[in-house]
Number of protein chains: 2
Amino acid sequence: MSITYEDVVAAAGRIEGHAHRTPVLTSRTANDELGAEIFFKAENMQRMGAFKFRGAFNALSRFNEEQRKAGVVAFSSGNHAQAIALSAKLLGIPATIIMPEDAPASKIAATRGYGGNVVTYDRYKEDREAIGRKLAEENGMTLIPPYDHADVIAGQGTAAKELFEEVGELDYFFVCLGGGGLLSGSTLATRALSPKCKLYGVEPEAGNDGQQSFRSGSIVHIDTPKTIADGAQTQHLGSLTFPIIQREVEDILTVSDAELVDAMRFFAARMKIVVEPTGCLGFAAARKMKEELRGKRVGVLISGGNVDIERFAALLS
Amino acid sequence: MSITYEDVVAAAGRIEGHAHRTPVLTSRTANDELGAEIFFKAENMQRMGAFKFRGAFNALSRFNEEQRKAGVVAFSSGNHAQAIALSAKLLGIPATIIMPEDAPASKIAATRGYGGNVVTYDRYKEDREAIGRKLAEENGMTLIPPYDHADVIAGQGTAAKELFEEVGELDYFFVCLGGGGLLSGSTLATRALSPKCKLYGVEPEAGNDGQQSFRSGSIVHIDTPKTIADGAQTQHLGSLTFPIIQREVEDILTVSDAELVDAMRFFAARMKIVVEPTGCLGFAAARKMKEELRGKRVGVLISGGNVDIERFAALLS
């Protein structure tokens, strides 16, 4: 079963009135720096602070009566956990989130704050996927993975759909890449609404499994990468996301953690917005392609703004 | 000559296409906290990072040929300096900005970056107003003060005009108060577009000259107050701003520096925006009036986002 732009359109209908239609921001300073016209889709201003809400809400809103009663289970230490917990709360579905026992207290608290039932595990000894599957099987719960799921991919594609609807066709589009849910969803929207747009996925240098996979033609697995872009610390692309990316994306680029901090500082100092390290990937990559982008219309997807404020302050100072 | 809403409308025409029409942001978390519907007018996303651009551009765009040639002079260590420098550059008018020699290097650099000719003075020995007047007289330059000027007031009123045009009438409106340019301009727009709205000016506790003036009925002068809200470190209201405020405003409220930091943290952590301490005054005051605001439609003017990133990080950690 292949995922199409029609699925993105259907997802947009389901999330309407629940997800924010986030603003598209512009900055004369950014335009001057790149000699281009840049449109930032600000998913840091999405509900719970990241695009992940779109895919989670779309997936959960398709549950049938039985699934709703039994509940959802998800494993995540980051934005997917909060997205599932909040979506489940809004839809009246019980949610169990499997998180590492050493996850930041603030993240566990945020997930509980959205009404999620948090189950912790020892990430050095236990396998979260096995725990998730066991919980799902024993209790009839539905497991929603963070990216490799048709409804999640379709939901994530709605951000790019909104961007093109608001600003029209673009020449280039930079999207951050972890497991590929956002990038593959964005690809579907881009091909439908701005067919000639060159689409780039962007990863942290240390976690370039996507780039390796793209260039070798098959999914490459890596160890959990060391990078400040915690939303892109995935070890491999998904079996659903990879083929879409492989088929439609121009290339996969990488940026260093130092370049991410520079971009984060730019967002805070010049655009007055808080962007988490992973959300800086797209703009950091665009800044390295100045020559090519001159005079072009460029889209940049800012994926989220969920960075611990103390950590944010430490990274900027 | 009294200033009216017609002047605000004329100013809106002059700044159109030059100033940003800044977004109105909402936050479910803020709404839940106050049990109200809150609309934040985000002037931190204005050009050069603060509402001051509106008044400066409006004032300079009214210069006649002779004034344009001779140039503008302004004294300011903050946002007004940058607003005049940028507006002058856009209009092709030479600008001289008088700044204290110990002003932060970043602010002097920013003003120069906008093309302003910076003249420094010793703020412990010299009088900036005298220097400004002397420069103006000797060279035929026009002095534009930071708030007590009809065109500045009318320009600042355009932010509130945009807010009411976008969201309709409001029950309450909180606006920060330094010299009163923003508050008096906002008053004109409020009375025209949302006549029953209760309008509050908000000052830092340490610099409550406006509150003292409002309650005593005449302009009270104070020493430069010690507060993190550097945009509200004015010593007195203006002879043009005070009568408007006195006539139309419900009351002047104060908040502590600690309450400003709390609001700043809320903006960064929950709304993902960078707001300078002065820009936090309105929301900090609204949070203290929870009971009264329940169920109401509330406007909050966020005046700017120009805070040194290192200082921002230090205040948040």
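In what follows, every chain begins at residue 1, and chains take the letters A, B, ... in the order their sequences are listed. Side chains included, hydrogens not; waters and symmetry mates left out as well; all remaining heavy atoms used.
Taking CG of B:Leu86 as the reference point, atom CZ of A:Arg28 lies at 8.5 Å (rounded to 0.5 Å). To the nearest 0.5 Å, atoms CG (A:Leu315) and CD1 (B:Ile309) are separated by 12.5 Å. Between atom NZ of residue A:Lys272 and atom CZ of residue B:Phe267 there is a gap of 14.5 Å, rounded to the nearest 0.5 Å.
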*Check against side-chain contact (heavy atoms from CB on, under 4.5 Å), A:Val274 and B:Val274*: CA-CA 7 Å; A:Val274 174; B:Val274 174; 4.2 Å; yes

*Verdict with reasoning, B:Glu310 to A:Leu316, per side-chain contact (heavy atoms from CB on, under 4.5 Å)*: CA-CA 7 Å; B:Glu310 276 68 30; A:Leu316 290 181; 5.9 Å; no

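Only the backbone of B:Met271 comes within contact range of chain A, with at least one heavy atom under 4.5 Å from a heavy atom of that chain. Looking at A:Arg311, neither its backbone nor its side chain comes within 4.5 Å of chain B, counting heavy atoms on both sides.
Chain A forms the most heavy-atom pairs under 4.5 Å with one residue out of B:Glu276, B:Met45, B:Met48, and that residue is B:Met45.
Annotation: A:Arg265, atom CZ; neighbour count of heavy atoms from other residues, nucleotides and ligands within 6.0 Å is above 12. Within a 6.0 Å radius of CZ in B:Arg68, other residues, nucleotides and ligands contribute more than 12 heavy atoms.
Of residues 13-23 of chain B, those residues lying under 4.5 Å from chain A by any heavy-atom pair are B:Gly17, B:His18, B:His20. Residues of residues 300-307 of chain B that come closer than 4.5 Å to chain A, counting heavy atoms only, are B:Gly305, B:Asn306, ordered by residue number.
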